[in-house]
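This report refers to the structure that appears directly beneath it.
So you know, we letter chains A, B, ... as the sequences are listed, proteins then strands, and number each from 1. Values in this document were obtained by computation on a predicted structure and should not be read as measured data.
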Number of protein chains: 2
Amino acid sequence: MNPPYQNIDSNFTDPNISSPLIISPIFKPLYQQIKTLIMQNLQSNRWKSGELIPSEIELSHYFKVSQGTVRKAIDELATENILVRRQGKGTFVATHHERHAQFRFLRLMPDSGKSQIIDKKIAKFKRLHATAEIASLLGLKLVDSVIYIRRIMIFDNVPTILEEIWLPGTLFETLTHEYLVDYEGPIYGLFETRFGICMIRAVEQVRAFIASTNLAKLLSVKKSSPLLCVDRVSFTYSDRPVEVRRGFYITNHHHYHNKLS
Amino acid sequence: MNPPYQNIDSNFTDPNISSPLIISPIFKPLYQQIKTLIMQNLQSNRWKSGELIPSEIELSHYFKVSQGTVRKAIDELATENILVRRQGKGTFVATHHERHAQFRFLRLMPDSGKSQIIDKKIAKFKRLHATAEIASLLGLKLVDSVIYIRRIMIFDNVPTILEEIWLPGTLFETLTHEYLVDYEGPIYGLFETRFGICMIRAVEQVRAFIASTNLAKLLSVKKSSPLLCVDRVSFTYSDRPVEVRRGFYITNHHHYHNKLS
DNA sequence: AAGTGGTCTAGACCACTTT
DNA sequence: AAGTGGTCTAGACCACTTC
């Protein structure tokens with residue numbers, strides 16, 4: 001049986017869990033259909049951040065395809081940093097809890113190359129109505145509620161980044177100031193663990209910027225110092241925007257690092 | 001025959017061309033050995049930019065492995081943008097001649113999103129001795145000759161980038177001012193076509209910068225305007241550095257764009 | 001010993017391009 | 001029709017982890 005781009009007839013239901021599932025896509029290679037199905041299971045939080053997903057063999061039985069086809073789907077998701085394969089153990093949903101993950105999206109590196117101690121200070125936490133710009137970026141309406149966070153990142157005891165963060169209020173209903181202050185580690189880890197929201201990609205726009213009086217005070221630099229202004233929009237599955245961020249970076253002893261290929 | 005990580009016994013010689021070739025690596029998966037072998041053929045300019053490489057079947061005969069193993073090697077090189085597969089035609093060495101390629105390494109985008117007319121003006125072309133810093137970055141000695149280029153990039157008739165470029169003199173022996181002025185299209189295309197040098201990756205460091213009097217004049221902005229200072233080192237095969245570049249970007253109507261994942 | 005992902009093979013057929 | 005890459009299968013064995 002080797003049909004031209006048939007559709008998976010999957011009413012794939014994991015026998016251990018009973019929850020609704022999955023529509024078959026149309027006329028794409030099988031491995032891409034399987035990729036989509038796996039993504040849908042991630043999106044619906046059926047498989048959560050850090051969890052083990054079914055083995056290749058199991059999935060190939062569920063989907064009624066060969067192991068090689070499942071493998072190709074997982075291979076691509078692994079190179080996209082959405083899944084992580086571990087030989088002998090299984091395939092896991094990627095997480096961002098580890099120290100290492102601190103720098104997945106943060107591109108500011110010390111010129112010295114040395115690692116550094118990172119502190120965070122929450123300067124503000126508010127719920128307010130979305131401005132037109134934020135609403136548009138987050139795909140919200142003007143009346144919708146937004147969480148606004150302002151924080152300062154301190155590298156080796158030197159304030160280095162001032163960051164403003166906007167989040168959709170409904171997605172982070174239970175998020176509070178205390179919650180943020182108490183949490184150790186990367187904030188994206190918090191989003192995953194407590195709110196089941198996983199950022200899978202982001203886009204950034206970087207511009208040169210002259211520090212205003214107010215900004216200079218907050219970052220303890222002279223007025224009119226040069227700063228990087230870094231605007232970021234982060235997306236979860238299905239390209240849904242779930243965070244807007246603006247950072248002001250001091251680049252006297254750091255640089256924004258980027259690999260091109 | 002399905003041995004544990006044997007070595008390819010390849011004395012692979014393309015019957016059509018007679019040139020020396022190829023050392024066998026040790027105890028790595030076959031497909032990685034093949035990846036290395038292919039890279040060596042690119043590095044030695046046996047297969048040149050834009051050219052068709054042998055088909056998967058041919059390569060699998062040369063290397064005495066299955067087509068699937070060659071396929072896996074090529075798959076990875078294709079996702080690294082080093083090779084390009086074209087169904088029905090074959091596999092080609094990636095090029096950077098097309099318009100599109102103008103933006104492979106240039107991350108400055110107009111805020112408007114519209115495409116724009118790009119002009120270039122060569123402001124300086126000199127041969128000189130490497131400074132300590134440039135020599136170190138390019139892996140040269142202090143006595144070695146370096147080409148220094150200064151040019152201005154003009155987007156829609158507005159000067160927007162001032163760029164300084166340093167190249168190893170010996171690699172670009174025949175490069176002249178006229179050569180550069182006359183050449184249309186991306187400079188990396190010129191390097192590939194005329195000098196057989198292909199940049200496969202680069203790293204950039206971005207910092208905020210205040211325009212000096214001199215720089216402001218060259219870019220037609222006010223003194224003390226904020227600029228991005230973008231330092232780039234580009235590498236060819238085997239991680240050999242072959243270009244150092246410093247760009248000053250005006251970000252009043254443009255931004256440095258970056259995708260994170 | 002059993003289960004997982006990792007590598008490799010051999011063969012089939014599909015989709016696309018060129019002759 | 002012939003040649004290329006693209007998809008899919010089935011099966012073997014290796015390397016690693018856990019029991």
Practice task
Mind telling me whether B:Phe195 and B:Tyr179 have parallel, tilted or perpendicular rings, with 30° and 60° as the class edges?
Solution key: tilted
Handout entry: For C:dT17, the Watson-Crick or wobble counterpart (both distances under 3.5 Å)
Key = D:dA2
Fill in the blank from the handout: Here the distance between atom C1' of C:dG6 and atom CD1 of A:Ile57, to the nearest Å, is 13 Å
Fill in the blank from the handout: Considering only heavy side-chain atoms of B:Lys89, the closest of C:dT17, D:dT18, D:dT7 is C:dT17
Practice task
Could you please name the option among C:dC8, C:dT7, D:dC8 that lies closest to any side-chain atom of B:Gln32?
Solution key: C:dT7
Handout entry: Nucleotide of D:dC8, D:dG5, D:dT17 approaching B:Thr91 most closely (side-chain heavy atoms)
Key = D:dG5
Problem - Minimum-distance nucleotide to B:Gln87 side chain [options: C:dT9, C:dC16, C:dT7] - result: C:dC16
Handout entry: Residue met sooner reading DNA chain D from 5', once A:Thr69 and B:Ile74 are mapped to nucleotides
Key = B:Ile74
Practice task
Select one nucleotide: of D:dG6, C:dT18, D:dT9, the one nearest the side-chain heavy atoms of A:Ser66.
Solution key: D:dT9
Exercise for the section: Locate the shortest heavy-atom distance separating A:Ile187 from A:Leu180; write the atom from each residue and the value. Expected result: CD1-CD2, 3.8 Å
Practice task
Return yes if the base of C:dG5 and the side-chain atoms of A:Arg71 contain a donor-acceptor N/O pair under 3.5 Å, otherwise no.
Solution key: no
Exercise for the section: Measure the distance from NZ on A:Lys28 to C1' on C:dA15 and round it to the nearest whole Å. Expected result: 17 Å
Practice task
Measure from the side chain of B:Ser55, starting at C-beta and using heavy atoms only, and say which of C:dT7, C:dT4, D:dT4 lies closest.
Solution key: D:dT4
Handout entry: Test item: B:Asn45 side-chain N/O and B:Gly196 main-chain N/O as donor-acceptor pair under 3.5 Å
Key = yes
Handout entry: Between C:dC8 (C1') and A:Lys72 (NZ): distance, integer Å
Key = 16 Å
Handout entry: Interatomic distance, B:Arg86 CZ vs C:dT18 C1' [rounded to whole Å]
Key = 15 Å
Fill in the blank from the handout: Separation of C:dA2 atom P from A:Glu58 atom CD, nearest Å, is 17 Å
Exercise for the section: Take atom CD1 of A:Ile34 and atom C1' of D:dT7, then tell me their distance rounded to the nearest Å. Expected result: 11 Å
Exercise for the section: Starting at atom NZ of B:Lys35, determine the distance to atom C1' of C:dT7, rounded to an integer number of angstrom. Expected result: 15 Å
Problem - Smallest separation among heavy atoms of A:Met199 and A:Phe191, with atom names - result: CE-CD1, 3.4 Å
Problem - Base-pairing mate for C:dA10 - Watson-Crick or G-U, with both contacts under 3.5 Å - result: D:dT9
Problem - First encountered from the 5' end of DNA chain D, between B:Gly88 and A:Tyr31 - result: B:Gly88
Handout entry: Euclidean distance, A:Thr236 OG1 relative to A:Leu42 CG, rounded to 0.5 Å
Key = 9.5 Å
Exercise for the section: In whole angstrom, give the distance that lies between atom CG of A:Leu30 and atom P of C:dC14. Expected result: 14 Å
